[in-house]
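The structure appears below as structure tokens.
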Amino acid sequence: EKVRSYLQDIVLNTQESAQAGILDGLEVVYVDKVDARQSLRPYTTLGARFPAHCTATGRALLAYQPDSVITKLIRKGLRRYTDRTIVDGAKLREELARVRAQGFAINRGEWREDIGGIAVPVRDRTGAVIGALGVTIPLTRFPKGIVPPMVKTVLKAAENLSRQLGYLGEQRPSAIKKASVESLRR
């Protein structure tokens, strides 16, 4: 119930489908979603499992996991889904560090060739990352270069949900204000 209104706000402000996900083992499970009215939109099924290493929602969650979880994922093997999928452990660690510095994750065709996404972690009152809110976008409509409007929309929703869950700290790292064009282009 709490999540649904934030997903609706994301859809209203981006005109793209939004979802809430949690990490279950080494995979993302979508626990709620709101579809956009666009005729061309990605389809996700509630309860479906997605690879965490190559989805925005997954990386928004993985970035805040203990190193032992990341090591386990890398040892298991990073499966390639498209030519853009990160399959090198060191590169995944770099990407997760970027997610922590920026406060959000971006995926451009790394799991599905023609789909991208933006996701932001959601924190509970202790500051622990317990889920993520994200937007899923066909690459034909995915913003080029810097994507501040969509990133800001998802960040705001995740911040507000985190606050409703009792989180009082800063959700948005100061790095977001200084993030370079290059770091946001990935």
Side-chain angles (χ1 to χ4, degrees), residues 16-31 42-45 47-123 127-148 150-151 154-155 158 171-186:
E16 301 294 350
S17 296
Q19 62 282 327
I22 59 169
L23 196 61
D24 184 23
L26 301 174
E27 297 174 307
V28 174
V29 177
Y30 289 126
V31 295
Y43 181 77
T44 55
T45 305
R49 296 179 168 277
F50 301 91
H53 74 284
C54 59
T55 59
T57 305
R59 289 205 297 244
L61 294 164
L62 284 175
Y64 299 91
Q65 296 304 304
D67 188 62
S68 60
V69 172
I70 308 309
T71 299
K72 181 178 179 181
L73 176 65
I74 293 168
R75 283 189 182 143
K76 180 182 172 209
L78 302 174
R79 181 174 167 198
R80 180 177 299 283
Y81 292 89
T82 74
D83 62 349
R84 295 183 188 119
T85 305
I86 295 175
V87 294
D88 176 81
K91 287 184 179 172
L92 178 63
R93 287 181 189 280
E94 287 175 22
E95 181 61 23
L96 297 177
R98 183 180 357 269
V99 171
R100 282 189 302 276
Q102 295 176 160
F104 61 91
I106 291 182
N107 152 39
R108 285 190 174 96
E110 294 177 52
W111 181 53
R112 295 183 194 157
E113 192 73 41
D114 55 348
I115 304 296
I118 298 166
V120 177
V122 173
R123 298 174 184 274
V129 172
I130 58 166
L133 298 182
V135 61
T136 309
I137 312 153
L139 283 186
T140 56
R141 290 197 304 266
F142 202 95
K144 305 289 185 219
I146 291 183
V147 288
M150 276 191 192
V151 168
V154 181
L155 270 166
Q171 177 92 357
R172 191 181 316 209
S174 59
I176 181 130
K177 299 165 193 151
K178 300 175 187 171
S180 69
V181 171
E182 290 307 309
S183 71
L184 293 173
R185 280 201 175 136
R186 292 203 30 74

Which distance, rounded to the nearest 0.5 Å, do you find between the CZ of F50 and the CH2 of W111?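 Between F50 CZ and W111 CH2, I get 4.5 Å after rounding to 0.5 Å.
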CZ of R141 to CE of M150, rounded to nearest 0.5 Å, is 8.0 Å
Give every donor-acceptor pair under 3.5 Å between a side-chain atom in residues 19-28 and any protein atom, sequence neighbours left out.
from	atom 1	to	atom 2	distance (Å)
Q19	OE1	T136	OG1	2.7
Q19	NE2	G134	O	3.3
Q19	NE2	T136	OG1	2.9
D24	OD2	R49	NH1	3.1
D24	OD2	R49	NH2	2.3
E27	OE1	R49	NH1	3.2

Is the closest side-chain heavy-atom distance between [X] and [Y] below 4.5 Å?
{"X": "L133", "Y": "V122", "result": "yes"}
{"X": "I106", "Y": "R108", "result": "yes"}
{"X": "E94", "Y": "I86", "result": "no"}
{"X": "I118", "Y": "E16", "result": "no"}
{"X": "Q65", "Y": "L96", "result": "no"}

Find out whether the Lys NZ or Arg CZ of R123 is both under 6.0 angstrom from the six-membered ring centre of Y64 and within 45° of the ring's axis.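 Verdict for Y64: a cation-pi partner in R123.
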For [X] and [Y], work out which heavy atoms get closest and say how close.
{"X": "A60", "Y": "A132", "result": "CB-CB, 4.1 Å"}
{"X": "L92", "Y": "R59", "result": "CD1-CD, 4.1 Å"}
{"X": "A158", "Y": "P121", "result": "CB-O, 3.6 Å"}
{"X": "A56", "Y": "A105", "result": "O-CB, 3.3 Å"}

Show, in sequence, the C-alpha distance, side-chain angles and deciding distance for D83 and E113, and conclude whether the side-chain contact (heavy atoms from CB on, under 4.5 Å) test is met. CA-CA 8 Å; D83 62 349; E113 192 73 41; 3.6 Å; yes
V151 vs Q102, test: side-chain contact (heavy atoms from CB on, under 4.5 Å). Steps then yes/no. CA-CA 10 Å; V151 168; Q102 295 176 160; over 6 Å; no
Could you go through L62 and I70, starting from their C-alpha distance and side-chain angles, then the distance that decides it, and tell me whether this counts as side-chain contact (heavy atoms from CB on, under 4.5 Å)? CA-CA 7 Å; L62 284 175; I70 308 309; 4.0 Å; yes
Could you tell me whether R100 and E95 have a side-chain N and a carboxylate O separated by less than 4.0 Å? no
Side-chain donor-acceptor pairs under 3.5 Å in residues 72-81, sequence neighbours left out?
from	atom 1	to	atom 2	distance (Å)
R80	NH1	T82	O	3.4
R80	NH1	T85	O	3.4

Looking only at side chains, do T55 and R112 share a donor and an acceptor under 3.5 Å apart? no
D88: what forms a side-chain hydrogen bond (donor to acceptor under 3.5 Å, both in side chains) with it, not counting sequence neighbours?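 Once residues adjacent in sequence are excluded, D88 has no partner under the side-chain hydrogen bond (donor to acceptor under 3.5 Å, both in side chains) criterion.
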